[in-house]
Amino acid sequence: MSSKRPLSVAGQVLVLQLVVIGVVVFAGGILTVLNERSNSDDATRREVTAIAVSIANGTV
């Protein structure tokens, strides 16, 4: 029967750092996607509004 040695303090710190980096990268990715979606929605809204105004003014 072989018993596993517990991780050293340095090993535990390394695992913690990797977990923190993973969480930060994941959160950054999610925030980037949400920001780009919002920007895209705003651009589409402006374009549709400009087309509607143009049609209403009869300048098509």
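- Its side chain within the 4.5 Å cluster rule, L14 clusters with L18 among the Ile, Leu, Val, Met, Phe, Trp and Tyr residues.
- Every residue was checked against the side chain to side chain donor-acceptor pair (under 3.5 Å) condition with N35, not counting sequence neighbours, and none meets it.
- Through direct or indirect side-chain contacts shorter than 4.5 Å among Ile, Leu, Val, Met, Phe, Trp and Tyr, V24 is connected to L16, V20.
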Going by atom type alone, with no hydrogens or angles, which donor-acceptor pairs under 3.5 Å involve a side-chain atom of residues 44-52 and a protein atom two or more places apart or on another chain?
from: T44; atom 1: OG1; to: S40; atom 2: O; distance (Å): 2.9
from: R45; atom 1: NH1; to: D42; atom 2: OD1; distance (Å): 3.0
from: T49; atom 1: OG1; to: R45; atom 2: O; distance (Å): 2.8

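- Remark: R37 engages no residue in a salt bridge (charged side-chain N to carboxylate O under 4.0 Å, His left out) (not counting sequence neighbours).
- Cluster membership check: F26 shares its hydrophobic cluster with L34, using side-chain heavy-atom separations under 4.5 Å among Ile, Leu, Val, Met, Phe, Trp and Tyr.
- In this structure D41 satisfies the salt bridge (charged side-chain N to carboxylate O under 4.0 Å, His left out) test with no other residue, sequence neighbours excluded.
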